[in-house]
Amino acid sequence: MIKLRDIDKYVDSRFQRTFILKSVNLDVQQGEFLTLMGPSGAGKSTLMNIIGMLDEPSAGEYFFFDEPVHRMKEKQKSDMHKNYIGFIFQAYHLIDELTVYENIETPLLYKGVSGSQRKSMVAEMLDRFNMVAKKDLFPEQLSGGQQQLVGIARAIVGQPKLLLADEPTGNLHSDQGKQIMEIFQKLNEEGITIIQVTHSEENARYGKRIVKVADGTIVSDEQVMVGA
Ligand code: ADP
Ligand code: ADP
């Protein structure tokens with residue numbers, strides 16, 4: 001599904017080139033649940049943003065379902081992003097002026113899904129996450145855990161193939177974090193490929209594979225032992 005080949009990301013200043021990612025190679029198959037870990041500043045978010053087509057590498061090749069993303073124009077990339085990828089952020093990134101319902105509906109509007117279909121797809125999300133009674137509330141009226149549920153609903157309402165989550169539980173209490181991880185596990189069982197960034201060993205154990213990043217490179221790549 002994802003093939004990264006010799007990906008570099010750097011920023012140039014007048015006197016020097018600073019590498020954020022250096023020679024990153026990574027393959028992710030459909031159905032995986034992969035966790036990126038590593039110290040702050042290692043390049044994890046940059047890597048997630050490249051995979052999510054929100055940022056582009058300075059050099060190297062990125063294939064998504066064998067399509068060369070590194071050669072795509074912006075429009076093509078945003079279409080790919082819209083159709084195949086859901087993104088979840090640490091700080092939720094909900095739109096304050098929109099209700100729960102409208103936040104969840106947003107990606108469907110961008111995708112051009114018809115009115116009646118939008119209605120049933122949003123209703124399914126509200127039902128799934130027990131938010132029917134909260135559909136007309138605004139984000140600030142919700143707890144952090146609930147806001148992240150809306151963030152997840154918005155990310156998956158369009159039925160993406162890939163779910164990217166950058167520290168989705170970073171602002172939450174551990175019980176809320178556990179709830180989010182259980183949802184991820186369920187979604188992965190249903191077939192969505194997941195890549196998450198986390199600092200939590202406990203969260204990492206919900207995944208199947210742990211890739212560690214340090215100083216802009218991958219330093220280890222291991223399967224999670226069942227029952228460990
Ligand atoms: P992580 O998610 O692992 O904490 P990031 O990908 O956010 O790491 O950042 C990696 C490093 O790259 C950090 O030192 C950060 O300051 C730097 N960085 C990220 N984006 C840019 C940018 N656009 N320009 C300059 N430096 C950047
Ligand atoms: P959670 O465990 O999901 O974070 P909380 O314990 O923070 O929930 O909140 C419990 C209940 O209080 C929630 O069902 C929510 O509806 C309500 N609530 C939480 N924060 C707010 C808020 N800022 N405004 C209105 N209601 C809130």
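The residues of the chain are indexed from 1 along the displayed sequence. Being a predicted model, the structure only gives us computed values, none of them experimental. Atoms within a ligand are numbered from 1 in the order they appear, just like the ligands themselves.
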Could you list which atoms of ligand 1 come closer than 4.0 Å to a heavy atom of Pro39? 3 (O)
Taking the side chain from Gln148 and the backbone from Phe89, do they hold a donor-acceptor pair closer than 3.5 Å? yes
shortest atom 7 (O) of ligand 1-to-protein heavy-atom contact is with Ser45 CB, 3.7 Å
Does the protein place any heavy atom closer than 4.0 Å to atom 10 (C) of ligand 1? yes
By number and element, which atoms of ligand 1 are closer than 4.0 Å to a non-hydrogen atom of Val11? 24 (N), 25 (C)
List the steps and the verdict of ring pair (Phe, Tyr, Trp, His ring centres under 6.0 Å) for Phe87 and His93. CA-CA 10 Å; Phe87 218 112; His93 286 209; 8.9 Å; no
Show me which atoms of ligand 1 lie under 4.0 Å from any heavy atom of Ser40. 4 (O)
Do any heavy atoms of Gly38 fall under 4.0 Å from ligand 1? no
Can you confirm whether the side chains of Asp136 and Thr99 place a donor and an acceptor under 3.5 Å from each other? no
Side-chain heavy atoms nearer than 4.5 Å, only ILVMFWY residues, links allowed to pass through others: does that put Leu126 and Phe129 together? yes
Between Leu34 and Ile194, does the side chain to side chain contact (heavy atoms under 4.5 Å, CB included) criterion hold? Intermediate values first, please. CA-CA 6 Å; Leu34 185 154; Ile194 300 178; over 6 Å; no
Classify the side-chain pair Thr169/Asn203 by whether it contains a donor and acceptor separated by less than 3.5 Å. yes
Any protein heavy atom < 4.0 Å from atom 16 (O) of ligand 1: no
Nearest protein heavy atom to atom 14 (O) of ligand 1, by residue and atom, and its distance? Gly41 O, 4.0 Å
Which of the ligand 1 atoms, numbered from 1, are nearer than 4.0 Å to a heavy atom of Ile20: 10 (C), 11 (C), 12 (O), 18 (N), 19 (C), 20 (N), 21 (C), 26 (N), 27 (C)
At under 4.0 Å between heavy atoms, which part of Thr46 makes contact with ligand 1: side chain, backbone, both or neither? both
In terms of ring plane angle, is the pair Phe63 and His70 parallel, tilted or perpendicular, where the classes change at 30° and 60°? perpendicular
Give me the residue, atom name and distance of the protein heavy atom closest to atom 8 (O) of ligand 1. Gly43 N, 3.0 Å
Short N/O distance, under 3.5 Å, between Ala42 and ligand 1? yes
Flag, side chain of Gln146 to backbone of Ser143, donor-acceptor distance under 3.5 Å: yes
